[in-house]
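Report on one structure; see the data block that follows.
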Amino acid sequence: MAGLNDMQDLACRHVDGPLLILAGAGSGKTRVITHRVAYLMDEIGVNPYNILAITFTNKAAAEMRDRVNNIVGEGAERVWVSTFHSLCVRILRRFSDRLGYATNFNIYDSDDQKSAVKNILKELKIDPKKYPEKMFLAEISNAKERYISPDQYAKMNATDFVKTQTATVYSEYMKRLRKFNAFDFDDLIYKVVELFEHNPDVLELYQDRFRYIMVDEYQDTNHIQFLMVKQLASKYRNLCVVGDDDQSIYKFRGANITNILNFEKEYPDAKVVKLEQNYRSCGNILAAANAVIKHNEGRKDKALWTDQGDGEKLVFNQSEDEYMEADRVVNEIIRLTANGAQYKDIALLYRTNAQSRILGEKLVMRGIPHRVYGGQNFYERKEIKDIMAYLKVVNNSTDDTYLRRIINVPKRGIGDATVDKVAAFAAANDMTLMEAMQIIEQVPGLQRSVAKISGFVELIDGFRGIIEEQEPLSTLFDRILEDTGYEDELIAEHTDESMARLENIDELRNRVVQFETDYEEATLADFLEDIALVSETDKMSDDDNMVKLMTIHGSKGLEFPYVFLCGMEERIFPSAMAINSDDEDALEEERRLCYVGITRAMKKLYLSCARNRMLHGSRNCNDISRFIKEIPPLLFQDSGDITRHVKRMEERQFADTGYTGNRYGSSGQSGYGKGSYHGRSSQTGSGYSSSNPYSSYSKAKKEPISITPSTKPSFGKEFTVNRELVLDYGEGDRVRHMKFGNGTVTQLVKGGRDYEVTVDFDRGGTRKMFASFAKLKRLEE
DNA sequence: GAACTCCTGCTTTTT
DNA sequence: GCAGGAGTTC
């Protein structure tokens with residue numbers, strides 16, 4: 001298959017049985033998956049309806065959908081491309097009644113989970129100061145990820161006091177969610193696995209539907225996702241997983257790297273294909289990435305390489321504080337754009353969302369268009385949560401959580417004392433809060449509040465009427481803003497803050513209208529689901545010509561010509577938590593994260609840090625990140641700062657031994673350019689990386705790190721340079737296709753390393769296909 | 001019942 | 001440095 005390298009080609013052509021693709025960063029992973037889909041459909045004749053592609057983010061799903069559409073044309077929309085979570089929601093919307101849940105269930109976000117646990121702790125009289133709800137939530141989530149039910153959990157931990165308490169909370173939590181007809185994120189997958197386990201007919205339905213399964217970012221799957229995939233694939237065993245153990249960065253969320261490392265054990269007949277040729281970054285960037293990741297133990301050995309040349313060197317800067325760091329970054333952005341770079345080609349990446357504030361401020365000051373992704377989520381803002389709570393109550397009022405949030409917002413004189421009385425009545429009579437409020441006259445001990453509450457119930461009933469009459473969502477939205485007086489209150493307040501809130505509400509309204517336009521048939525439940533499952537990064541658009549700011553986690557799967565990795569300091573990146581952790585792997589995960597960050601860059605990578613920065617409200621001095629020191633200095637454009645820094649450290653450490661510091665060349669630009677450093681490094685093993693015996697980090701491996709930022713493959717000769725695809729036909733020519741017979745080429749478009757051919761077949765039908773698959777033969781007529 | 005003030009604890013990362 | 005929670009006062 002031309003347009004693909006040998007390994008990519010091999011992966012595409014593997015049809016039956018398990019397949020593991022180890023795909024390094026930028027190795028054309030999505031390309032392989034989409035080509036494989038095309039191959040299955042066009043060459044093997046697989047019904048697109050039988051293909052499932054699972055991705056990690058909605059953004060990745062959308063991109064894959066797009067690319068599949070482009071390649072296979074007809075029928076592409078019938079390939080099921082989605083994330084684990086939305087796939088599960090769709091299955092549950094159809095079958096959750098088998099588990100005793102209604103199909104209009106709510107999806108809990110972390111805030112909802114938190115308040116649910118908080119309430120349970122109150123009921124069980126557990127002091128949240130001694131045992132914070134966070135602990136219980138983490139433990140519950142953990143159990144769910146391992147497919148451990150509350151009962152099992154209780155049995156497993158019968159001797160441990162705190163854990164028996166956790167078992168009770170877990171059990172109560174699940175009862176509560178069932179009562180409120182809600183699933184949390186973990187449940188979405190857990191409950192599908194449970195559904196499949198107890199309903200073989202349902203499982204078989206989906207097994208037959210998804211005969212060919214592909215899972216992207218497999219290194220980020222957790223145990224329960226592994227189980228689900230296993231269930232689905234067990235009948236036909238056509239499972240293809242794609243991943244890179246070096247890019248596993250979600251262990252904190254339960255991702256289990258052994259899923260990918262042990263794939264061959266689980267499926268002994270698995271075919272394994274490694275993709276190591278990188279098409280994204282230039283050689284210097286790759287060399288830096290390889291050098292950093294090499295410090296990790298326990299990884300599948302591999303190294304990225306490119307045939308695109310070294311490209312530009314890396315830039316490193318240490319500034320005095322975070323403001324000066326931001327200034328420097330912004331200045332460089334101005335310089336880049338003055339030289340023709342587009343704003344959208346630039347990304348600022350950082351370890352924690354908090355770091356975005358100062359960068360954002362500086363960009364505002366200099367009038368640079370930019371957008372901050374993630375962080376203080378749009379949907380976490382108070383006013384948005386309030387309006388969303390109204391929508392959720394209208395959709396499904398069984399859940400007290402949202403009701404309690406809005407019952408007195410805006411203020412309508414229904415205080416906590418009143419709500420507690422009604423709640424007690426509801427609990428005693430086994431009804432929901434809303435049900436009790438509907439018969440409020442029967443609730444004892446309320447005087448003036450009765451009228452207020454029945455007024456509120458009428459309000460909600462009015463909103464529900466709008467839905468029943470099938471009025472558009474935006475109508476409901478506007479009515480909520482008006483009838484509750486929410487908008488009026490903010491307008492009357494007329495402060496900067498209230499105006500900002502109004503703007504946010506406007507933005508939410510835009511999203512409602514957008515959703516309405518995108519999906520005409522959409523219901524309120526659909527909208528709420530979309531909000532619950534789709535993050536902001538997912539909605540990132542390439543049209544906006546803006547500088548993008550996001551965490552490194554958020555950048556996974558993306559690429560940018562110019563990347564700034566900011567805050568490259570010890571205790572920031574790697575984080576203090578990882579440094580102090582007793583878990584050995586914590587640091588390795590940070591390093592993998594660093595690897596992900598570096599490999600986002602295509603043309604040029606900037607690394608920066610500050611000598612001191614505000615943290616937890618106090619100013620701290622932080623050392624340069626160990627990851628910087630793991631990058632060979634010869635890869636840097638101007639290594640003045642880093643050289644001086646390391647030299648100073650060495651002098652400090654070895655002053656009494658008479659060691660005067662190695663001479664890393666002059667501090668000027670030309671110091672490293674002549675290869676002298678590199679030669680020296682491989683002879684003596686000293687250098688900048690942690691293999692340097694004088695470095696402050698001695699945990700490093702003994703072997704010297706010699707990274708060759710070269711164009712040579714890291715292994716074997718079988719990786720030859722791309723062959724160019726040469727076609728012997730053109731537009732207007734008559735061609736023959738193996739399956740579809742004869743036709744006329746109506747269009748020929750070069751797309752990447754392949755051609756997209758449109759053929760008008762004599763037997764009827766126009767098909768778009770990739771030349772590399774179609775294997776069209778020119779007919780002489 | 002509401003508004004105001006003080007205090008604490010926290011910062012990874014997110015489907 | 002900030003948000004959210006608790007406690008106090010009107």
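Values below: every heavy atom of this structure, side chains too, minus hydrogens, waters and symmetry copies. Throughout, protein chains are lettered first and strands after them, A, B, ... in sequence-line order, and every chain is numbered starting at 1. Because the structure is predicted, anything quoted here is derived from the model rather than measured.
Relative ring orientation between Phe456(A) and Tyr390(A) is described as tilted, the plane-to-plane angle lying within the 30° to 60° band.
For the pair Glu322(A) CD and dG1(C) P, the interatomic distance rounds to 10 Å; values are reported in whole Å. Atom CD in Glu589(A) sits roughly 13 Å away from atom P in dT14(B) (whole-Å rounding). Rounded to whole Å, the distance from CE on Met614(A) to P on dC2(C) is 10 Å. Rounded to whole Å, the distance from CZ on Arg592(A) to P on dT13(B) is 18 Å. Distance Asn222(A) CG to dT14(B) C1': 13 Å, rounded to the nearest Å. For the pair Glu133(A) CD and dG9(B) C1', the interatomic distance rounds to 13 Å; values are reported in whole Å. Going from atom CD of Gln355(A) over to atom C1' of dG1(C) covers 15 Å, rounded to whole Å. If you measure from atom CD of Glu361(A) to atom P of dC2(C), you get 9 Å, rounded to the nearest angstrom.
Here Phe252(A) counts as stacked on dT13(B): its ring centre is under 5.5 angstrom from the base ring centre and the planes meet at under 30°. The aromatic ring of Phe185(A) sits over the base of dT15(B), with ring centres less than 5.5 Å apart and planes tilted by under 30°.
With dT15(B), dG1(C), dT11(B) as the choices, the nucleotide that has an atom nearest any side-chain atom of His85(A) turns out to be dT15(B). Proximity note for Thr83(A) (side chain, C-beta onward) versus dT15(B), dT11(B), dT14(B): the nearest is dT15(B).
Annotation: cation-pi pair Lys548(A)/Phe560(A) absent, no NZ/CZ under 6.0 Å from the ring centroid and within 45° of its normal.
Side-chain contact of Tyr147(A) with Glu194(A): a donor-acceptor pair under 3.5 Å is absent, judged by distance alone. For the 3.5 Å distance criterion, the side chains of Tyr486(A) and Asp386(A) qualify, holding a donor opposite an acceptor. Side-chain N/O atoms of Asn296(A) and Tyr595(A) include no donor and acceptor closer than 3.5 Å.
Where Thr418(A) and Glu590(A) each meet DNA chain B at their nearest nucleotide, the meeting point lying more 5' is that of Thr418(A). Along DNA chain B, the nucleotide nearest Ser449(A) and the nucleotide nearest Arg253(A) are compared for position; the residue whose nucleotide lies closer to the 5' end is Ser449(A).
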Distances under 3.5 Å only, N/O to N/O: pair up the protein atoms with those of nucleotides 5-10 of chain C.
| from | atom 1 | to | atom 2 | distance (Å) |
| --- | --- | --- | --- | --- |
| dG5(C) | OP1 | Lys118(A) | NZ | 2.9 |

N/O-N/O pairs, protein side and nucleotides 2-4 of chain B side, under 3.5 Å:
| from | atom 1 | to | atom 2 | distance (Å) |
| --- | --- | --- | --- | --- |
| dA2(B) | OP1 | Gly413(A) | N | 3.4 |
| dA2(B) | OP2 | Asn408(A) | ND2 | 3.0 |

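For Asn353(A), a side-chain nitrogen or oxygen approaches OP1 or OP2 of dT13(B) to under 4.0 Å.
Every residue two or more places apart in sequence or in another chain that forms a salt bridge (charged side-chain N to carboxylate O under 4.0 Å, His left out) with Asp112(A) is listed here: Lys392(A). With sequence neighbours excluded, no residue satisfies ring-ring contact (aromatic ring centres under 6.0 Å, His included) with Phe136(A). Contacts of Tyr170(A) classified as ring-ring contact (aromatic ring centres under 6.0 Å, His included), with partners at least two apart in sequence or in another chain: none. Residues passing the salt bridge (charged side-chain N to carboxylate O under 4.0 Å, His left out) test with Glu487(A), sequence neighbours excluded: none.
Distance noted for atom P between dG4(C) and dT13(B): 15 Å (whole Å).
Aromatic pair Tyr250(A)/His553(A): centroids less than 6.0 angstrom apart.
Contact annotation for Phe84(A): no contact, since no heavy-atom pair falls under 4.0 Å across all strands. Residue Lys251(A) is out of contact with every strand shown, counting any heavy-atom pair closer than 4.0 Å. Using a 4.0 Å heavy-atom criterion, one finds that Ala417(A) contacts the sugar-phosphate atoms exclusively. Within 4.0 Å (heavy atoms only), Ser86(A) reaches no atom of the nucleic acid at all.
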